[in-house]
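Below is one structure, written out as structure tokens; the observations come after it.
Atoms within each ligand, like the ligands themselves, are counted from 1 in listed order. Position 1 is the first residue of the sequence, and the numbers go up from there. Model, not experiment: these values are computed from the prediction.
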Amino acid sequence: MSKNDKRYSVVIAGGGSTFTPGFVLSLIANEDRFPLRKLKFYDNDADRQKKIGDACAIIMKERAPEIEFSYTTDPEEAFTDVDFVMGSIRVGKYEMRDHDEKIPLKYGVNGQETTGPGGMAYGLRSIPAIIQIIDWMEKYSPNAWMINYSNTIAIVAEACRRFRPNSRVINICDMPVAIMTRMAQICGLNDYHDLDVNYYGLNHFGWWKEVRDKNTGKDLTPLLKEHLSKNGYWIGGEFDKDTEESWAETFKKAKDCFALDPEALPNTYLQYYYYPQYEVSNADPNHTRTDEIREYREKLVFEECARIVKAGTAKGNLWEASVEHSNYIVDICHAIAYNTHEKFFANIANNGAISNIDPDSIVEVPCWFGSDGVQAMATGEAGVFERGMIMEQQTCEKLVVDAYEQKSYTKMWQAFALNKTVPDALVAKKILDDMIPVNKPYWPELK
Ligand code: NAD
Ligand code: G6P
Ligand code: MN
């Protein structure tokens with residue numbers, strides 16, 4: 001039995017997410033150190049959730065029958081008696097991600113899930129849904145924590161800071177640790193747990209100042225810079241045998257991001273801000289990442305779930321679903337549950353973590369995770385170039401939340417026009433005007 005003998009109750013919000021089976025497998029795999037008594041799914045799409053829920057019920061029955069499992073679309077049932085909410089919702093589902101990607105591309109602008117106009121559109125959709133989930137959690141389980149992956153994280157985090165400043169919600173991203181697992185491989189280590197880092201910036205917009213071997217203290221930064229200058233974060237071989245082509249390109253493209261700013265090791269998402277024209281020329285406006293996911297991840301996950309339900313068993317080989325993504329959120333719940341003060345990453349109000357950035361800006365920095373939440377690490381100063389980049393991008397993120405709060409067309413237009421991925425205000429306006437009708441069910445009416 002565990003250190004404090006407590007067994008935890010978890011609800012996955014976004015039960016129909018493609019990542020949900022992965023969360024379930026990671027929770028089961030970590031049961032010895034993070035024991036559960038209850039696992040629930042919550043989604044507002046009953047049909048989608050049922051397909052994943054019925055398969056997971058079989059997995060749970062076979063592998064963890066001691067954990068009570070259920071799924072529901074009823075908020076009271078979902079959020080009552082829980083210790084952790086794992087947030088994995090996608091407001092508007094892939095249908096809306098498709099618009100986020102394809103509308104900007106029509107105007108020669110980067111079309112991407114969490115960056116540029118698409119990312120801002122997605123953020124604006126997510127704000128009310130996440131606030132609603134926080135409110136249900138606080139009403140039905142006032143001591144619970146929400147660990148939220150639901151994008152666009154920078155915008156969601158700014159909305160949480162403004163509208164629910166005292167809520168127990170931590171907005172996280174797996175990209176720093178996914179890149180760090182690559183860094184560990186490059187250095188002959190196992191994974192992100194083996195590294196100690198100084199990293200700073202915004203979500204999908206950050207830089208590593210320093211990377212060290214956690215056990216020996218050895219500075220690994222020079223070795224990583226050497227690798228980056230030749231291969232980006234690409235490793236190849238056995239390690240990358242299942243890496244999808246578009247992700248392979250992303251890891252390789254980090255080489256060009258590093259070339260622009262060789263002082264720091266870049267987050268891969270900087271490619272969209274440093275090289276927007278390349279991204280657009282490399283994109284197919286009729287076949288974007290959403291199409292790839294529908295053809296691969298979503299198809300695989302739902303086919304596997306259907307196969308399990310049909311067979312009535314999940315015995316035998318189960319597909320490996322985004323292990324890193326799900327292990328990371330379980331690591332974080334564990335750190336909070338057992339007050340471990342391990343260092344992970346969170347998107348939180350700066351308050352001095354980056355010394356020359358506004359205190360009330362949301363930043364992504366290393367934080368110590370414990371039972372009282374997160375404590376940010378002091379990362380020092382942002383460089384001149386990075387600070388300039390951060391100021392522009394964080395203003396866009398704030399403007400989106402202003403647009404939500406004030407129902408302001410102008411604020412949203414300014415957010416698009418200011419963004420580094422958008423060449424001018426007229427293009428920004430055309431994109432926004434195309435986005436408004438398709439986002440009608442989710443956005444406030446912008447005036
Ligand atoms: P998905 O579309 O497969 O699943 C999302 C689910 O959320 C769907 O079943 C949908 O019905 C449900 N949903 C939508 N609105 C809801 C609401 N208001 N209440 C309850 N449920 C709702 O999406 P996915 O590709 O599995 O991704 C899930 C989320 O995780 C997305 O927000 C994605 O951007 C995010 N993500 C974040 C990170 C990160 O680093 N932060 C990493 C990976 C994925
Ligand atoms: C990384 C990012 C997430 C993003 C995801 C998109 O994990 O950290 O924020 O949602 O990639 O991946 P996908 O495979 O859905 O394009
Ligand atoms: Mn992310």
Using distance alone, determine whether [X] and ligand 1 share an N or O pair under 3.5 Å.
X	result
Ile172	yes
Tyr149	yes
His325	no
Tyr42	no
Arg297	yes
Ser150	no
Gly92	no
Arg90	yes

Note the single closest protein heavy atom to [atom], along with its residue, its atom name and the distance in Å.
atom	answer
atom 17 (C) of ligand 1	Asn44 ND2, 3.2 Å
atom 12 (O) of ligand 2	Trp247 CZ2, 3.5 Å
atom 6 (C) of ligand 1	Asp43 OD2, 3.6 Å
atom 5 (C) of ligand 2	Tyr269 OH, 3.7 Å

Aromatic ring pairing [X]/[Y], orientation class (parallel under 30°, perpendicular over 60°, tilted between):
X	Y	result
Tyr71	Phe69	tilted
Phe345	Tyr199	perpendicular
Phe19	His325	tilted

Quick check, are the ring centers of Phe34 and Phe84 under 6.0 angstrom apart?
yes
Out of curiosity, is Arg97 lining ligand 2, as in a heavy atom under 4.0 Å away?
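Under 4.0 Å: yes for Arg97.
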With the threshold set at under 4.0 angstrom, would you say Asn151 reaches ligand 2 through any of its heavy atoms?
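Checking ligand 2 against Asn151, which is what was asked, there is a heavy-atom contact under 4.0 Å.
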Contact summary for Glu210 and Thr221, nearest pair of heavy atoms:
CA-OG1, 3.6 Å
For the student: nearest non-hydrogen atoms of Tyr233 and Ala254, plus distance
CD1-CB, 3.5 Å
Nearest non-hydrogen atom to atom 6 (C) of ligand 2 belongs to which of Arg297, Glu113, Met175?
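Shortest heavy-atom distance from atom 6 (C) of ligand 2: Glu113.
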Report the distance from atom CG of Asp98 to atom CD of Glu113, rounding to the nearest 0.5 Å.
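If we round to the nearest 0.5 Å, Asp98:CG and Glu113:CD are 12.5 Å apart.
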If the cut-off is 4.0 Å to any non-hydrogen atom of [X], which atoms of ligand 2 fall inside it?
X	value
Ile293	13 (P), 15 (O), 16 (O)
Asp174	1 (C), 2 (C), 7 (O), 8 (O)
Arg289	13 (P), 14 (O), 16 (O)
Cys173	8 (O)

Under a heavy-atom criterion of less than 4.0 Å, does [X] contact ligand 1?
X	answer
Ala13	no
Lys93	yes
Glu113	yes

Less than 3.5 Å between some nitrogen or oxygen of Glu244 and one of ligand 2, yes or no?
no
Testing Lys343, Lys214, Arg212 one by one against Asp196 for a salt bridge (charged side-chain N to carboxylate O under 4.0 Å, His left out), which residue passes?
Lys343
Are Lys51 and Asp45 within salt-bridge range, i.e. N to O under 4.0 Å?
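Here Lys51 does not pair with Asp45 in a salt bridge, since their nearest N and O are not under 4.0 Å apart.
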Report yes or no: is the cationic atom of Lys139 (NZ for Lys, CZ for Arg) closer than 6.0 Å to the six-membered ring centre of Phe79, at no more than 45° off its axis?
no
Region of His204 engaging ligand 2 - heavy atom pairs below 4.0 Å:
side chain
